[in-house]
Amino acid sequence: MKALALARATFGRWEALLVLLIVAAGAWSTTLSPYFLDTGNLLDLLTPYIAVGLLALGLTFVVIAGEIDISVASTLAVSAVVLARVWDAGANVWVASAAGLAVGTGLGLFNGVLVGLLNLPSLAVTLGTLAAFRGLAFVILGGEPVTGLPEGWSQLGAGYTGPGELVPIALLILLGFALLLGVLLHATRFGRYLYAIGSNREAARFSGLPVSRMRVALFALSGSMAGIAAVVLIGYYGSARADVGNEFLLDVVTAVVLGGVNIFGGSGSIAGVVLAMILIATLRNGMGLANISADTQGIVIGALLLGAIVAGNLSQFARTRWGGRARATGGRGEVPRSEEVAVSSKT
Amino acid sequence: ARTEAPAAHGVASKGYKFFLLPKFVGIDPFTQSNQGAQQAAKQLGDTVKYGGPSKPDVGQQIQFINNAVQQRYDAIIISGNDPNALAPALKKAARRGTKVVSFDADVAPTARTIFARPASAQSIGAVEVVELGKQMRYTGQFAILSATPTSSNQNTWIGFMKKELKKPRYKRMKLVKIAYGNDDPTKSTEEAQALLTAYPKLKGIISPTSVGLPAAARVVQQQRKCGKVNITGLGGPNQMRAFVKKGCVKSFALWSFVDLGYLATRAADAVASGRLTGVAGQKFDAGRLGKKTVEPGGIVTTGQPIVFNRKNIDKYHF
Amino acid sequence: MSARGTQAQALAATAFRLREFGILVALLATGLFFTLRATNFLTGDNLQDIGTNVAIVIVVAVGQTMVILTRNIDLSVGSIVGLTAVITAQTLAHHHGLSLWVAALLAVAVGTACGLANGLLVAVARVPAIIATLATLSIYRGLVFQRAHGVTINQSDLPNGFLDLATRKVLGTPFLLFVAVVVVVLGSAFLHWTSSGRDFYAIGSNPAAARFAGIAVTRRVILALTLSGALAGLGGFMWAARFGTLNAVSASGFEFDVITAAVIGGVNVFGGSGTVLGAVIGALLVGTIANGFTLLRISEFWKITFQGFAIVVAVTIDALVTQRLQEALRRRRRREVAEARAEARESPA
Amino acid sequence: MRALAEVDLALEAGKVHALVGENGAGKSTLVKILTGVEQPDEGELLIEGVQQRIADPHAAHRLGIAAMYQEPTVFPDLRVAENIFAGRRPRSRLGTVDWGAMKRETRRVLSDIEVDLDPDTPVRGLGVADRQLLEIAKALTAEARLLIMDEPTAALSPREVDALFAIVRQLSARGVAILFVSHRLEEISAISDTVSVLRDGRHVATRPAAELSHAEMIRLMVGRTLDQLFPKEEAEIGEPALELRSFTRRGTFSDVSFTVRRGEILGLGGLVGAGRSEVARSLFGIDPHDGGEVRLDGTPFHPRSPRAALRRGLAYLPEDRLAQGLVQTMAVATNTSMAILPRLSPGGFLRPGRERRLAERFMERLRIKATSARQPVEALSGGTQQKVVLSKWLAAEPRVLILDEPTRGVDVATKADVHRTISTLAGEGLAIVLISSELPELLGMSDRIVVLREGTVAAELTRDEADSERVLEAATGVRPA
Ligand SMILES: Nc1ncnc2c1ncn2[C@@H]1O[C@H](COP(=O)(O)OP(=O)(O)OP(=O)(O)O)[C@@H](O)[C@H]1O
Ligand SMILES: Nc1ncnc2c1ncn2[C@@H]1O[C@H](COP(=O)(O)OP(=O)(O)OP(=O)(O)O)[C@@H](O)[C@H]1O
Ligand SMILES: [Mg+2]
Ligand SMILES: [Mg+2]
């Protein structure tokens, strides 16, 4: 019963559309390439997106609360280089990982204080820290890489387990965090507060929710996820460099918005974000195996997405038009915003 | 379904499938490498598929590697975005039977069998200093406008530039700044401008990247400082022809990416057939480039950088 | 009453420029800092460099501002700039004698078409702008790849008259900057003086209310995105002239610079507030920070770090100044209303 | 869901037609259909004998239909003048926006309804009452043939109401047909010529206003009679629960002092903008204050945040339900539990069952017309939403409760329920501060009334001393003629 309610709460029209698209993409990929439908390949679909995925999970929280953190990839970079430096200086893997994680959380906290306590606009702030943190990564490591990280570590990012050594460990990590964060977002008070703050910050404050503290915590969470992503990514690459994760931002944002998270806050689900990642991974993999060039892939994915959403909107439009319901609701493009949400508090 | 039969000496085996994986697609050097690769493949009876990310992204490159392995390509010929980060994926490729040859930008030596390079890093670094030295009469301040701070090729070349500079001939030349244009025309332009402003006495800029070089040349041209500030570095003759004709750039260097792609593919064929294992001293037939010997570290070299100037530039069209 | 009224009005009018005022203070502070610290920062040539460097950003940001005002976003501008730059260059490379006006018109036309497609997707097909333009970002970029065919167009392929645009001066201003100024003036005027322009603000401020008020929301959103595309097309033309080297990756990621300018300049991403002037100041601020720290002769790595933190500091200054002024204004207005009421009470009695 | 079925109305030029009905009866839905915001499934509409279809708000404008909606639909980023003229800005000969004319017109219409607002004031930051006045100004400048007013007076104090009615009379004299929706029965009797009653989306009756007594109106709306409108019970008044001494926020209110005791209902009266809400906001820790002292149950309290206030047993029901009261997209149950979630979610985990049961309890108690506790509040009628806000704060079981316009838009029957609830709570020893612009409510419910004028206390009246003249005199500073 409870599970059902939870499922209903998290599994909306958007998620259903994504599932449909994944099935279609899978079927298409199967016809595209004989190599697609292969257990190893299927299980490995998400492996290239683990770090992007972990960042996207963290960002999901931020966006649902009506904020944005575009510094995540730079935060990841600082975590990664600190971690590598600490290890290089002779610390063991655990200490190094903890240091990386702590740094990620700390940088997130820095963003959080600027946004949550000083009430600065998060996009502007993280545009700044995006550059600043990237610079820090270079200050710490310079242009040279740290290499030769221990085998055990690469297990984390690039190892396999399970029957036939087919299941990527990184996949388990991603799904584990998705589950954990899914529970946090959908089944706890913390998550509820996020939605409330993202839908109407003013009303949330008037209801006595700890709005400032939540907003600080949010960025810290996003920073921690960047730290965790750094640990896994370092394992995946087996080395660290200051420009690590340079190209992640667009993919992260894509996963979040394609996952149905409202960019203006207040709605979205972890399931949607995970599904969006699976969808993109499937399409990229299928077309990649058919040697369709990267730029054509971009065109196909873009067009497919638009087509699907437009078709979804059209069918909904048809239903409201001819299905007898009096209210014609707008598409997802219209985001209801209480007029006062953007008003910052005065203290 | 391919023939593993050892081929007769000098004649390549037939029918290998190679994947040519550049840092990213859409720019001249890699397009030209592909031309060379196709020439070689045609001669050898192999096929080369060219494809790669649309931006210089390690993550995407790994996906291309994995896809190539999944499709059972015989070898991947790669120019790496990050030598070390690619290593795990490339090693996995090798374990699953796909050989690895790097070209242009090397990957970790343990992750590939052969690295086909255009010329020795030493000669590439040195030639730029030599040319700039001549242009600025061995006196004054100069700067370097590189790609990104992490570009391993550029970093290696800059290392050799510094070595070359130690020679007494250059003792009155002073390297004042290494700037990074991130292989982005906007950033490179801004950096070049700032160099001219911040160092009014600057006499030269070396830009060892084909994005930085024309950007720097254009800035100098626009500020009417041709002749006062000397520009040299690495770039294609087509890119630089206009500047050379107007006398704004006296000389610069590069190599033929067609040849590089050709050599890499020849090497890949030899590696795929098992004739080449990367041990120093091994020899193989590089077709129109003659016989090549593997140097220590599993490296084969195309030749020497070509220096282009007003006199010879019209002979080259790439 | 009337004297107080005008006073209050003047203040309220200032209040409306507050957003820009804060960021302007930040810009001036930055400028002052570099003037004191960096060699040759405050020279005519250097300022001209900064101006020219941000000219294209400004042109495209004017369109982006309009889109953001309507509570939408256009992420595809970088790809549109790339596409139109490559098309312009290819056309001119093949037809050296072609009038530059025709080439510019072609670029703007292609940009307009791209923008119109965005507009239709967002306003008619009701795809959220961020998703729609994220998709067209890849689609238009894909088209650039197909057009460019992996080949770079070089300066030597292009007519001199075209390349000279980058150095030519009009009324003492670099041509590119001049174009930007014209676009800014027209854009500002459009947003202030035309009904359509005002509608952008209304739509972004409260879309439902805009519909209730009988504003043609669909058409206006299409218009905003189309204008953004058209200006990106113009930006592409300028891009080709400025850099002279064009290939499939030209201007990738450029949308980022454009959005940064608008956001730093106080254009509210939730729509409804912000001005073209703000976006211009934002672009100048970012350009100044990039230029100034480069002149400082500090290490590359610290430079990037400082540039980032400088943006954070500028945003903070902006917020503090704005908050202070608004609070002062609120009190003042309150007092004046009370006085006006007291007067009104006394007169009939 | 069917919001409206088979309604027949005939609106006459030059007449004021009142539309009444319980919360959720379908009044606003009817308004929205007339203005093209929503579409009817069937039926026809004739204007001056010609059949018309109103496809969208633009079409309504063309037909001369103007409306002010129940929830003020302002553009917070725009200034007052633009808000009034959005969608139909005056144009100059060049086709550009004629700012001068726009501001002139704004000043004219605002002075007509006696509002001191500068046309250049940004609307963000204006209170509900001011927004409602803007909405009125907007409708007045539309030059409509049919003017629809959906609860225009809900947040207004007598001064504004009088000014509004003067205008309404002028307009109807000019031949404008007016449809007037309100829950304030006195106003309906005062202004309307004809009254139509809706119940559950059905048209129940249309009568000349003069022939319709309040009791009869209520019976038609509710289907039964109500015995008492302001069921104030005597409660035992105890120790001081909330004490304010010289409470000040510079530029907003100053030197505000009053005491509320256990079991007491303290009315806070004044005109719109007098600063009542501001005092409450500072007290609840939403806005800062600059001076003065607050005591809760005799111990000092420094309001810092709503959260802290809530922990000390202080609750504040805000005046603006749209922006401050509710999260519109969330369910009834979610909104109801919002302020007490820590209590309902042991260990931090949500317990949807508990929340639902809580909400259902209040749905029954306040007769909330929602299909289920899971329905999003945005789908509820205005008055019903107000009841949800009320539920949220009652659920918090505070010791001091500040109610800011608690019955704004609530229908008569429920209003009586709410009053009864307030009275009961007071009887249980709760201290209540009641901010209301509706004089009968203030007079009927309060044990004591403090009147604010321009941010300072103008009078403090006991229940026996208080009557409408005295309150108005204190509020305006002018002796009524
Ligand atoms: N957006 C909506 N979606 C679904 N149902 C709605 C929506 N808006 C209103 N309703 C329903 O339509 C009915 C009529 O609502 P309406 O707003 O017309 O009531 P009303 O008479 O104006 O009440 P009030 O006096 O409280 O304003 C209510 O039952 C309400 O729940
Ligand atoms: N007539 C007016 N002219 C200008 N500003 C006003 C006017 N009335 C109110 N304001 C401003 O609008 C804001 C809120 O108005 P609102 O009517 O909610 O006042 P309030 O203090 O809540 O009064 P009350 O609750 O007593 O009606 C206040 O900040 C006030 O400065
Ligand atoms: Mg209603
Ligand atoms: Mg009030």
Side-chain angles (χ1 to χ4, degrees), chain B residues 22 24-32 34-35 50 54-56 146 148-149 176-180 182-200 210-211 213-215 217-219 221-224 235-246 248 313 318, chain C residues 38-41 43 45-46 48-50 52-54 56-57 82 138 141-142 144-146 148-158 160 163-164 166-168 174 239 242-254 257 287 290-301 303-304:
Chain B
F24 59 105
V25 294
I27 60 167
D28 277 347
F30 295 120
T31 309
Q32 289 160 6
N34 181 36
Q35 287 165 9
Y50 174 70
S54 47
K55 51 186 183 181
S146 184
T148 71
V176 288
K177 167 99 183 178
I178 300 174
Y180 298 91
N182 289 357
D183 266 352
D184 169 62
T186 317
K187 178 104 194 303
S188 304
T189 303
E190 288 173 11
E191 290 290 334
Q193 280 174 349
L195 284 174
L196 297 187
T197 310
Y199 301 94
S210 62
V211 178
L213 182 62
R218 193 152 165 75
V219 167
Q221 189 180 49
Q222 287 175 358
Q223 302 201 349
R224 307 201 195 306
N238 284 349
Q239 272 184 307
M240 303 304 295
R241 197 176 322 271
F243 298 108
V244 174
K245 288 275 161 87
K246 284 196 185 129
C248 209
I313 193 162
F318 60 88
Chain C
T39 348
N40 297 335
F41 172 78
T43 60
D45 281 349
N46 191 51
Q48 233 171 53
D49 279 351
I50 298 179
T52 316
N53 287 342
V54 296
I56 302 175
V57 175
S138 335
R141 179 57 63 187
V144 189
F145 270 89
Q146 318 251 293
H149 257 294
V151 178
T152 302
I153 303 152
N154 294 304
Q155 284 211 31
S156 48
D157 305 326
L158 296 171
N160 284 329
L163 294 168
D164 287 348
T167 42
R168 182 161 339 141
W239 185 284
R242 174 157 158 72
F243 294 110
T245 304
L246 288 307
N247 57 28
V249 293
S250 291
S252 2
F254 184 61
D257 298 352
N291 172 277
F293 279 110
T294 311
L295 295 189
L296 275 185
R297 304 187 181 186
I298 52 180
S299 107
E300 176 72 16
F301 303 147
K303 183 182 104 190
I304 310 174

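Chain letters run A, B, ... following the sequence lines, proteins first, then strands; residues in each count from 1. What you see below is based on every heavy atom in this structure, not just the backbone, and it leaves out hydrogens, waters and symmetry mates.
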| remark: Value for NZ (K187(B)) from OG1 (T294(C)), rounded to nearest 0.5 Å, stands at 7.0 Å

| query | Roughly how far apart are I50(C) CD1 and Q193(B) CD, rounded to 0.5 Å? | reply | 9.0 Å

Considering only heavy atoms, which portion of [X] lies under 4.5 Å from any heavy atom of chain C: side chain, backbone, both, or neither?
X	answer
F30(B)	neither
S188(B)	neither
K55(B)	neither

| query | Should D45(C) and T197(B) count as side-chain neighbours, where that means a heavy-atom distance under 4.5 Å? | reply | no

| Hey, are the side chains of N40(C) and P200(B) touching, using non-hydrogen atoms and a 4.5 Å cut-off? | yes

Heavy-atom pair with the smallest gap, counting every atom of [X] and [Y]:
X	Y	result
Q155(C)	F243(B)	NE2-CZ, 2.6 Å
R218(B)	G244(C)	NE-N, 4.2 Å
A198(B)	R297(C)	O-NH2, 2.6 Å
N247(C)	I27(B)	ND2-CG2, 3.5 Å
Q222(B)	A166(C)	NE2-CB, 3.5 Å
A179(B)	E300(C)	CA-OE1, 4.4 Å

Largest heavy-atom contact set with chain C, pairs under 4.5 Å, which of [options]:
options	answer
E191(B), K245(B), Q221(B), R224(B)	E191(B)
Q239(B), K177(B), Q32(B), M240(B)	Q239(B)
P214(B), A242(B), A215(B), G26(B)	G26(B)

So for [X], is it side chain, backbone, both, or neither that comes closer than 4.5 Å to the heavy atoms of chain B?
X	value
L163(C)	both
I298(C)	backbone
F301(C)	side chain
F243(C)	both
T245(C)	side chain
R141(C)	neither
N160(C)	side chain

Short side-chain to backbone donor-acceptor contact, [X] and [Y], under 3.5 Å:
X	Y	answer
T31(B)	G150(C)	yes
R242(C)	T186(B)	no
S156(C)	N238(B)	yes

| note | Counting heavy-atom pairs under 4.5 Å with chain B, the top scorer among L295(C), T52(C), L158(C), N46(C) is L295(C)

| request: Name the option with the most non-hydrogen atom pairs under 4.5 Å to chain B; the candidates are N154(C), L296(C), D257(C). | output: N154(C)

